[in-house]
Amino acid sequence: MTALVVAGLSAREVTRRRTAMLLVISLPLWFYLVRRDLTGQSMRMLTLGIAWAVSTLTLFVVNASRGVDPRLRVSGASVAGIIGGRLIAMSGFGVLLATAYLILVAIDQDIQRFWAIAVTMLITALIAAPFGSLVGALLPRELEGALALLSVCAVQMLADPAGLTAKFMPFWSGREIGTYAVDGTGIEFLWRGLAHGALVWALCTGLTLAVFARRLRLARYPEPVPDSR
Amino acid sequence: MNWPQRFEAELVRLGVQPVVARRLTADTAAQAGEHDADPDGFFGPAHLYARHLVAELQTPAAGTAPERCVPGQVMLQLSGVGKRYRRRAVFSGVDLTVRGGEVAAIVGANGCGKSTLLRICAGLTPPSCGTVHRTRRVGFVPQDGGTAGWLTAEEHFTLFGAAAGMVPRKAISTGTHLASLLAWRPSRVQPVQELSGGTRQKLNLVLGELHGPDLLLLDEPYQGFDQGSYLDFWRQVRSWRDAGRAVVVVTHLLHELQNVDHVLDLGAVAGRVA
Amino acid sequence: MTPRPWLHGFLDLCLLAMLRERPDYGYGLAQRLAAAGVADIPGGTLYPALLRLEQQGLASPSWAPSESGPRRKYYEITPAGLAALQAQAAEWRAFRDGVDLLIGAPVR
């Protein structure tokens, strides 16, 4: 109940930040257009663009609610309700954004395994929301968080996908499944990607909840002893 | 709607029984008739006059002592509460007991830990030492912030209502009613960040009491209020008290201390420590 | 005419005193207050005060027809009203004497 109300209101809140919304929605497009002539490159860039857009927006939403959350707790909301609701909203936004770009890709590109591209983008969008909220939970200021996200995305983009570094990056799953979709590699790429994605998602969601459970914990005071007055 | 209809609707919204509201509306029409005047010119805007009338009818008779209910059960009890950040003691040895139907004021110089103490009472900051006993249902109004800039007032009512398990419709009607007691009509479309500082504080206050808590913790909640809102605020504090709730208010306005039951001078406590 | 803040605390007293003399309705009371030179009181102040007196049981209302226009609500002072009037009158005298004492000597 609380989670759904929080989700609905977070979604409304986000849509009202028109300029930020516009920039975030169009960001993956620029990534995509740069190497539109090369299917594989453009898919990788587009996926990364979606990852960056969704995680940055989630970061902003998480930071914007810093003042409200403790009060909601005092009023009786649970940490899972507050944070879960916000994650539902941002995951929903991510899925919408990914779907919109999938339609663009379907029209604009010729891909063997289109369904796998769909999996790539959706899994990336779904990871980006808890990842953005985790960064927001750890780095309290928007600028710091945005810079951290930028670093992660840059390393992800530049690291050799076969190397160890890339595997420790949150969006490696999208890269693996993307390779499977575009370059027609073996099925093991898909499974590896899915497993990595599930692990990263569970880790980011769990850590986000853990950090907020600690930050938003309420001291439990015993009730005063009733007296006989 | 014409003037009498607006007047009657506002009375009902302010909690007047519908039958009584109808009678007051008839009376008011007759009074304007006596003077051969149009009610709008004679009494002013319908909703303002309704509010004024309700406030007047709640004022106790002159020459009689205002009715005070007997203090009820203990709602908050601090004993030996202290807070230190690393090696710096902010305060220590704070004792305070507040019962239902009582108002306690926390005063003291800037930086003596008034807000910290209030956060300890809310449970948001753990005390370093001492014990706290507190009733479960509590409303907390921080000094600033505590609202989401892009949401409207009604959406805040929904959000905070949901936190306390209220359905949206009830949360909105309750919030609107509580706002009217502070002479504020929330706009349906204006995001909170466009409100003036004083109006945002009113929202803050309404959000703190939306779920009908037994204990209200207020951190200088009247900043940015104009004179009228300020009086409305203290009238609200009195009505909470008379309804048997406990109120703890951080304040620096010493002339209000005659209206409170307990004064905790945190500066003096801290001074004793140092 | 008295500035309104002064009247505020003693409006009930003035109304009760006038009602002790004879029952009256709102417009009549406003006229009498003005004629006595106490205040030209706006309706938005007078009528809530009358309603409050009614609610507190200090004055009881009754409706009476008028020769011209709609019927009128007449107020009559009750025993409780008389008691309140006495208490408030004593309070007023003490207050007035106190103020007189303070301003008396230097002015004369």
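Since this is a predicted model, take the numbers as computed values, not measurements. Letters A, B, ... are given to chains in the order of the sequence lines, protein chains preceding strands, and every chain is numbered from 1.
Heavy-atom distances place both the backbone and the side chain of B:Asn204 under 4.5 Å from chain A. For B:Thr97, no part lies under 4.5 angstrom from a heavy atom of chain A. At a 4.5 Å heavy-atom cutoff, B:Leu210 makes no contact with chain A through either its backbone or its side chain. Contacts of A:Ser65 with chain B are absent, with no heavy-atom separation under 4.5 Å from either backbone or side chain. Looking at B:Leu217, there are no atoms closer than 4.5 Å to chain A (heavy atoms on both sides), in backbone or side chain. Proximity to chain B (any heavy atom under 4.5 Å) is shown, for A:Arg17, by both the backbone and the side chain.
Scanning both residues, A:Pro170 and A:Val200, for their nearest heavy atoms gives O-CG1, 3.8 Å. Of all non-hydrogen atoms in B:Gln143 and B:Gln201, the two that sit nearest each other are O-OE1, 3.3 Å. Nearest heavy-atom pair, B:Phe91 versus B:Val81, reported as atom, atom and distance to 0.1 Å: CD1-O, 3.9 Å. Nearest heavy atom pair, residue A:Val54 against residue A:Ala125, reads CG1-O, 3.9 Å.
Between chain A and the residues B:Thr125, B:Val138, B:Ile120, B:Leu76, the largest count of heavy-atom pairs under 4.5 Å involves B:Ile120. Interface check for chain B: of the options A:Ser78, A:Pro70, A:Ser75, the most heavy-atom pairs under 4.5 Å are formed by A:Ser75. Of the listed residues B:His211, B:Glu155, B:Arg137, the one with more heavy-atom pairs under 4.5 angstrom with chain A than any other is B:Glu155. Taking chain A as the reference chain and counting heavy-atom pairs below 4.5 Å, the highest number among B:Pro142, B:Gly139, B:Pro213 is found for B:Pro142.
Residue-level contacts of residues 80-105 of chain A with chain B do not occur; threshold 4.5 Å between heavy atoms.
With a 4.5 Å cut-off on side-chain heavy atoms, B:Leu159 and A:Val68 count as touching.
Between A:Glu144 and A:Arg141, at least one side-chain N (NZ, or NE/NH1/NH2) sits under 4.0 Å from a carboxylate O, which counts as a salt bridge.
Surrounding CZ of A:Phe168 are at most 12 heavy atoms belonging to other residues, nucleotides or ligands under 6.0 Å away. The number of heavy atoms from other shown groups lying within 6.0 Å of CZ (A:Arg36) does not exceed 12. Within a 6.0 Å radius of CZ in B:Arg136, other residues, nucleotides and ligands contribute 12 heavy atoms or fewer.
Ring planes of B:Phe233 and B:Tyr230: tilted class, angle from 30 to 60°.
Looking at A:Thr58 and A:Ser133, their side chains never bring a donor and an acceptor atom within 3.5 Å of each other.
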